[in-house]
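Okay, structure first, notes after.
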Amino acid sequence: MKRQVPLIITFLIGMIMIFSFFIPPLEGLEQTCSLFFDVIAVFAFFLGGGNLMRIHINKLRRRKKDWGFSIVTLGGFIIMLAAGLLKIGNPGGIAASPTTEGALLQEIFTYVFLPLQSTMYALLAFFVASASYRAFRAKNREATILLIAAFVILLGRTPFGMMLTAWIPESFSVLQVPNMAIWIMNSPNLAGQRAIMIGIGLGVISMSLRLILGIERTYLGDESA
Amino acid sequence: MPSHPTTSRPSHPAMLLILFTFFLLPCIVLAQTEVGQTNIEGTPIVPDSEQIVAAPVTSLIAADHKYDDGEMIELSWVPSIDDQLVDGKVIGYKVYRLEDDGEPQMITELAPGSNAYNDQSVERGKLYSYFVSALSSNAETPSVRTAPIEPQREWLNYELLNVLIMALVLGGAVIYFIETARRGKKLFVRKIAGLEAVDEAIGRATEMGRPILFIPGILDMDDVQTLAALTILGRIARIIADYDTKIFMPVSRSLVMTAGRETIKASYQAAGRPDAYSDDMVTYITDEQFGYVAAVDGIMVRERPATVFLLGAFFAESLILAETGNSVGAIQIAGTARPAQLPFFIAACDFTLIGEELFAASAYLSGEPKQMGSLKGQDVGKAIAMAAILIGILTVTIGDSWDVEWIQNITTGLTEIFSTK
Amino acid sequence: MLDTAFSIPLVALSDIGRVISLLVIGGGLLWILIRSLRAKEVDRRIVFLFIFIAVAAPILFPITFQERATLIVKRVFDKVESSPAGSKVLLAFDFDPAMAPEVQPMADAFSRHCLEKGHKVIFMTLWATGQALLTQSLERVVRGEYPDKLDGVDYINLGFKAGNENVLNIIVTDFRMMFPTDVNGVPLDSTSIFDDVKSCKDLDLIIAIGGGKPGVKEWVLYIGDRVNVPMAAGVAAVVAPQLYPYYPKQLLGLLGGVKGAAEYESELVKWYPHLKERGTPGLRMMGPQTLAHMVVMAFIVIGNISYFISRRRERIQ
Amino acid sequence: MEHFALWLGGFLTLGIFSFLYKDNPWYKLTEAIYVGISAGYFVVVYFWDNFYSKFWIGVFPHKRLNEAGELIAGVEPDYWLIVGGVLGLLMLMRLLPKVGWISRWPLAFIVGATAGLWLINYFASFVMVQIQNTVTPLFGADYSASLFVIVGNIVVAVGTFTGLIYFFFSKEHRGAFGGAARVGIFFLMITFGASFGYTVMSRMSLLIGRIDFLFGDWLGMIK
């Protein structure tokens, strides 16, 4: 019961989902399933949110290192919950969408959440630079090719790419750096992307089949794996 | 008005030929469709002398849309002869529908030049007939009505038959090799560098006495890459349990937290060390992408893991995580099926599982013959893809220049096999 | 706030600031190069610092680089430039606020160029979220900078119509069917710009600006491929690679991202120097972009030098 | 308020940036704020969007009346949703140690649905479509292509083909096969290098946006 039922559920649902693709009357099944998923995910939130609270309360109680910051996290979490669930300050009252402009929830979102999010995202600019400094080194043939492709594209994105190769006559304009960059994006890059995508498709088929057929069952707490 | 039952073959003969010869699978299926058709030309309403009257549309056909749940009727017609771009009298068309012989209702208005419309507001079990009016600036000329037609439900989408057959061929190949391997036939699988390194990476963490960080991507359980990450986690956690090293897995989804705990717990039980497992190994942080990244970055610099696994679905955060992991000197094994993020992992991590390798990883790590068999099945898919690309490009290139019919037929056949409509 | 304290000296300081920041970046890179010749690895925080300076300096002390239009951009410019005055040009603003930073500069450059040349411009959008942007940029660029141009005569704003590609499907044969009036409710029949325009066929050039769906692809498929009207496009950088295959047959030219806008602007100010004061946001954005790219490339070169040197040393030892 | 919001934004922005130097209390504070409010925000949004709007209203629809006071058709409760609710409740059984194992049922449901759904979708759009796209005449339709395009077409064909060879698991990369696989890796490397280089610009734009905020909106140093 403990081990067989989940395997049977996975098998049945998996098979139904595969074949519903070909059976018009089952067209809506995909939406129904994603609806179920959404509902299950909300219930699971009790577990996740509960876990978050438990960890920080524990930190506080035991005065673990950096427990002060746990107060901040807990405070932020609870304020958002209260603001959103009770719709505090919502100009439309309790019936309005929780994200109505002017509601406390949305105000915090705009003035605290958004700057944090875009700054975190902007960190990428720095990491792109440090990664290319370290990674693009001609250690072997593969790495050299990686380096050259990246360099040509980078050069093609600056005015210098054009200036360096402006002397090349119009009839050979293909060899000008910006055009070479376009060509690389269009041909070899496309080829690589396609090979990767076909591979991914096949990999998904094989893994999904292993899951559906119950060959892969570690996630179900199978002890024999 | 008589209706002509017409038969239509969903597949091109050349496609069938190739399917037979290539895959030896039968697929002659005939689908029957009811077609209601007018064969009497419409007669215009007797015109006023002042009125500009356009000729009616002709050959109005209402047919059931094939291979659906009975939700659509397709209309097509030949536009009025007065529908011209220059000095045309027609300024548009109105489509009318009669439900179960009731009153005509206008369902849509179309631009001049239109010759088709799909009525998607129909229900099974009702009869519909249609007519189309050609509009001039001050008059309307209706066409003849179609015979009543009922939208039909079909039980199999024959348009996707080729997809079904190809999927069965591939699935069959995977299952065949799983079975072959189960029966004890030795199958060769080449080394995958990133996975060969797993043992060493875990061993390193043990030696250094530092934890292992496992990041399963930022998507939920409804993404297949997360599933792949969890299957790999199962294998890795087993080795970790044997080594008695610490694993820490911060996640951004509650469901992944639950599934992750279940997986690690099982691995520890399998290793015979259930007492060493604790729920605290897996922690939920936040569903928000960059909030999660901010916390994981913090964990990385504070806990200084010796080994970081980044496996699953990653977006822009891939590089932020990989660079921070690198800065604390961790060995990093990454893998994703998102082509856009692979370059960043390649640049910043020690080993990267590229696309397909991510999905093959758990089978590879398990070392079980039947799991390895499934990898061989995947290769059959690659062989078919390569053959199709080779044959397709050759025939389309040659057929284009020399006009040889049978070569062109192969091209068309191949295109149909791999079309997804 | 701090505005008054800083803005006055900044004007005088901007040249000095530029020189200093270039010196800092150039000198710093040289210093790092010398260090790496001695096979010393560079701390990543130094890389971070360089990126910050390379991006911040050109924003604080505007540094612009000379852009030279690539052929794919130049062909768009030449088409607008060589069309006789009074040609009918349609500008489609198919983008939303999120995409605007990247494509608004192009939209402005196209609008200015067409009005300078005396073309008659028809504005429209397929994006509900693009409506406000279209109105704003008309207010700012067209009415603000060309007050003598007349609505309905020299330009017209058709506004937004729902229906995505269906809208295109209809205006390919008849504008009035989809747009009986312009955005202000003025019937098209009473505007002189639409006197001899019935459908897209009667236009001389269509420029689609966007980056999502519906966007350039739809314009090409539903209009460009069906009627013989030259088409050009300006798109966000990420989607540009997907559109290259349409060039040069279905699209006579293509502007990709901020870089495309900057190239167009550089060509524009070359021919119309007085437009320089109106602002060249593309070129302004390209300043930090170019410097940052140069810094990244410089670090790649330095990284390789130090790698080769350390490898040679290992070999000698 | 505007003033306060700007300073708050500046404070938080610099807090995150300070991480680039090293971990510090300022970053820890911003991180704690970020985690707390983002987790709370998502709970709220999921609760209203998924639980309330989709589930609750689906099972207990509002009685919608028209002007004459008659019930409008089409608001029948969707009892199917209860299955989802039950699965969700089973998930919560984890909290009770005795029956915790039953939470594997909804998990098994999700795994089955995800595996089945993606199996067929990936197959159709990643395998079939990509194969079909690769099959193009090398010399263009009716020999219309320029030399440049022809070379490009050949490169795409060869690259896709050899790239697939690289992914072969059941054959050792040796001899001619190994050579082809190596060509495949080269193509993958070009792909990775090119995509990396191409993204740099958009990543820099994000930083430009933040610096504009810091020096422009906040400190007012940009004219």
Side-chain angles (χ1 to χ4, degrees), chain A residues 114 118-119 122-140 143-144 146-190 193, chain C residues 32 36 41-52 54-55 64-74 237 240-245 247 254 256-260 262-263 266 283 286-308 310-311:
Chain A
L114 283 185
S118 40
T119 312
L123 287 186
L124 266 173
F126 298 103
F127 290 133
V128 154
S130 68
S132 37
Y133 167 61
R134 216 183 51 244
F136 293 148
R137 293 188 183 179
K139 287 178 195 155
N140 50 36
T144 313
L146 184 82
L147 164 74
I148 293 171
F151 209 84
V152 171
I153 301 281
L154 279 170
L155 202 57
R157 309 290 281 159
T158 63
F160 300 95
M162 189 68 199
M163 284 173 202
L164 279 177
T165 46
W167 51 272
I168 295 175
E170 238 7 62
S171 46
F172 290 96
S173 63
V174 169
L175 294 175
Q176 291 172 348
V177 172
N179 294 329
M180 253 159 67
I182 292 175
W183 185 81
I184 290 179
M185 287 308 286
N186 265 338
S187 301
N189 171 55
L190 183 70
Q193 300 275 11
Chain C
I32 290 172
S36 26
E41 280 289 317
V42 182
D43 190 282
R44 51 192 230 126
R45 277 174 284 198
I46 293 180
V47 182
F48 295 161
L49 185 68
F50 268 89
I51 287 294
F52 188 83
V55 173
T64 47
F65 292 87
Q66 222 196 324
E67 288 280 348
R68 270 194 54 172
T70 44
L71 190 63
I72 197 167
V73 173
K74 186 101 183 357
Q242 296 158 32
L243 292 166
Y244 288 137
Y247 166 83
L254 180 68
V258 177
K259 171 126 171 63
E263 288 178 21
S266 76
L283 284 170
M286 272 312 278
Q289 286 282 9
T290 306
L291 263 189
H293 274 69
M294 304 253 322
V295 167
V296 170
M297 283 192 286
F299 272 108
I300 292 178
V301 172
I302 291 171
N304 276 289
I305 291 174
S306 71
Y307 169 72
F308 276 110
S310 67
R311 208 172 61 166

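Every chain is numbered from 1 and lettered A, B, ... according to where its sequence line falls, protein lines coming before strand lines. Keep in mind that this is a model prediction, so the values were computed, not measured.
For the pair C/Asn304 (side chain) and C/Ile300 (backbone), a donor-acceptor distance under 3.5 Å is present. Under a 3.5 Å cut-off, the side chain of C/Gln289 and the backbone N or O of C/Lys259 do not form any donor-acceptor pair. For the pair C/Tyr244 (side chain) and A/Met185 (backbone), a donor-acceptor distance under 3.5 Å is absent.
Counting heavy-atom pairs closer than 4.5 Å to chain A, the top-ranked of the candidates C/His293, C/Met294, C/Arg44 is C/His293. Heavy-atom pairs under 4.5 Å with chain A were tallied for C/Met286, C/Arg45, C/Gln66, C/Glu67; the largest tally goes to C/Glu67.
Only the side chain of C/Arg311 comes within contact range of chain A, judged by heavy atoms closer than 4.5 Å. Neither the backbone nor the side chain of C/Ala262 comes within contact range of chain A; no heavy atom of the residue lies under 4.5 Å from a heavy atom of that chain. Heavy atoms closer than 4.5 Å to chain A are found nowhere in C/Val258, neither backbone nor side chain. Neither the backbone nor the side chain of C/Glu263 comes within contact range of chain A; no heavy atom of the residue lies under 4.5 Å from a heavy atom of that chain.
Qualifying ring pair (Phe, Tyr, Trp, His ring centres under 6.0 Å) partners for C/Phe52, counting only residues two or more places apart in sequence or in other chains: none.
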Quick one: side chains of residues 150-157 of chain A, donor-acceptor pairs under 3.5 Å with protein atoms, not counting sequence neighbours, listed by atom name and distance.
none

